[in-house]
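By convention in this document, chain letters (A, B, ...) are assigned in the order of the sequence lines, proteins followed by strands, and residues within each chain are numbered from 1.
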Number of protein chains: 2
Amino acid sequence: MATAIELLDAAGEHGLTFRALATKLATGPGTLYWHVANKSELLAAATDAVLMDILNGERSDESPEDTVRSAALSIFNAIDAHPWVGPQLSRNSWQSPTMLHVFELIGQQLQRAGVPSDAQFACVTALVTFILGAGNQNALNARVHTGSSTRTEMLDAVAHEWEELDQADYPFMHDMVQTMRDHDDEEQFLAGIDMILAGAGITKATAAKRGKRVKNQK
Amino acid sequence: MATAIELLDAAGEHGLTFRALATKLATGPGTLYWHVANKSELLAAATDAVLMDILNGERSDESPEDTVRSAALSIFNAIDAHPWVGPQLSRNSWQSPTMLHVFELIGQQLQRAGVPSDAQFACVTALVTFILGAGNQNALNARVHTGSSTRTEMLDAVAHEWEELDQADYPFMHDMVQTMRDHDDEEQFLAGIDMILAGAGITKATAAKRGKRVKNQK
DNA sequence: ACCTGAACACCGTTCAAGT
DNA sequence: ACCTGAACACCGTTCAAGT
């Protein structure tokens, strides 16, 4: 299992090969089928192993929003570090033990924050969808521009393409070029989480309890 | 190109094979490489073909939020109908002409709705991430439980699994079982979009002007 | 300029045969 | 009970050779 994760981290999902794994374990490819039914089971097991570690480290002694934010960020970063887990988690988000754990974790915080019960489901769903979606996006972006290009080179390439768009047809994209170049991925991600939380009625009100006086300030 | 889309719709991304496409076109596999560089270029072209059709049909004579909602839903449904486009769109969302079109479309509406300029980028990003994430999720869910099972059978299976979780460890999941069983995918999706819009400061105010559209009859 | 199809270097998976 | 590795049915991609 551990060496499977090594292979995955080294060369992505198609870097994990029954033959490669077998030779690395000094055995034959057929052997592996005695311990695992097929490749997707192998991937599922590897994914759970990687993510459970991270989730067990999560605390919930902060405010509900901060707990959600921190859990979300952990998952986001885990997908960034192990890009192959993203699609795997999405594949059966409602069945895998790992994702059930995530649902429960976030759900409890929403309840604590007083989200009305008929809105809770929509809210967890939206959050989980966003977390996995953003994670995947991020992981894919990193992998697509793999031409040994640094992050700034990559952003330059995108900026260049946006600038070449017709001004008349794409005024908005032209406005965004600078912002895009300056953006920070984590910050961007957390802004998205905050929007969903705000939309669910979780304002910074709870933060006021912890000392920030912003209760009724729009 | 058209027959490539046929193959993709029929059997997903790995249903499109150079050999299968070649025989369907009554030619050899090598021939295709004269017209297309590789498989990913083929997929990109197919994706653009499918989505551009849909986007060109979009209007923007409604309120900003409704325009965003309707565009979002169109994309969501397109991914549902052609599950293979989802990952493809995510792969280079900042480069593909199709996605630039989407960014521009949504961005313009946000500007129209008065979202402050320093929040616009975060907001489009969040919306696009959510749309693609939800679409992919939805498409994957449909494909995973492919055992000729109807939607209700599928939901039953998930419900059953949630009920088997330990009550003490998973109180939230137990609360959600019924809601999950009754949920509607589109409604759920739009609720997510609305949360992000609300979080960006686009409330239902504009909708009130038009006399309250009825969306949730249960 | 465009087509052909054999060939190369891979896959996941199976299975008779071993220990 | 567990391992072995040849074999099967596939892939994407290339390339000398044709028209």
- Message: Partner lookup for C:dT4, please. Criteria are Watson-Crick or G-U wobble with both distances under 3.5 angstrom; report none if nothing qualifies.
- Response: D:dA16
- Task: State whether A:Thr31 places a side-chain N or O below 4.0 Å from either non-bridging phosphate oxygen (OP1 or OP2) of D:dT4.
- Result: yes
- Task: Would you kindly give the CG-to-P distance between B:Leu32 and C:dC2, to the nearest whole Å?
- Result: 14 Å
- Would you kindly give the CZ-to-P distance between A:Phe18 and D:dC10, to the nearest whole Å? 18 Å
- Task: Return no unless some side-chain N or O of B:Thr17 is found under 4.0 Å from OP1 or OP2 of D:dC11.
- Result: yes
- For the residue pair A:His101 and B:Tyr170, categorise the inter-ring angle as parallel (less than 30°), tilted (30 to 60°) or perpendicular (more than 60°). perpendicular
- Message: Using whole Å, what does the distance between atom P of nucleotide D:dT4 and atom OH of A:Tyr33 come to?
- Response: 16 Å
- Task: Inspect the contact between B:Glu6 and B:Lys24 and indicate whether a charged nitrogen and a carboxylate oxygen are less than 4.0 angstrom apart.
- Result: yes
- Task: Choose from D:dA7, D:dG12, D:dT4 the nucleotide whose nearest atom is closest to any side-chain atom of A:Arg19.
- Result: D:dA7
- Message: Both B:Leu16 and A:Ala26 contact DNA chain D. Which one's nearest nucleotide lies toward the 5' end?
- Response: A:Ala26
- Message: Rounded to whole Å, how long is the line connecting atom NE2 of B:His14 with atom C1' of C:dT13?
- Response: 14 Å
- Message: Between D:dA17 and C:dC2, how far apart are the two P atoms, rounded to whole Å?
- Response: 22 Å
- In whole angstroms, how far is the P atom of C:dC11 from the CG atom of A:Leu42? 14 Å
- Would you call A:Asp185-A:Arg151 a salt bridge at under 4.0 Å N-O? yes
- Candidate pair A:Trp94 and B:His160, rule ring pair (Phe, Tyr, Trp, His ring centres under 6.0 Å), full reasoning: CA-CA 11 Å; A:Trp94 289 12; B:His160 183 253; over 10 Å; no
- Indicate whether OP1 or OP2 belonging to C:dC2 is found under 4.0 Å from a side-chain N or O atom of B:Trp34. yes
- Whole angstrom value for the distance that separates P of C:dG12 from CD of A:Glu41: 15 Å
- Query: Taking CG from A:Leu21 and P from C:dT13, how many angstroms apart are they, rounded to a whole number?
  - Reply: 13 Å
- At under 4.0 Å, does any side-chain N or O of B:His35 touch on OP1 or OP2 of C:dC3? yes
- Task: Only one of A:Ile79, A:Leu16, A:Val50 passes side-chain contact (heavy atoms from CB on, under 4.5 Å) with A:Trp84; say which it is.
- Result: A:Val50
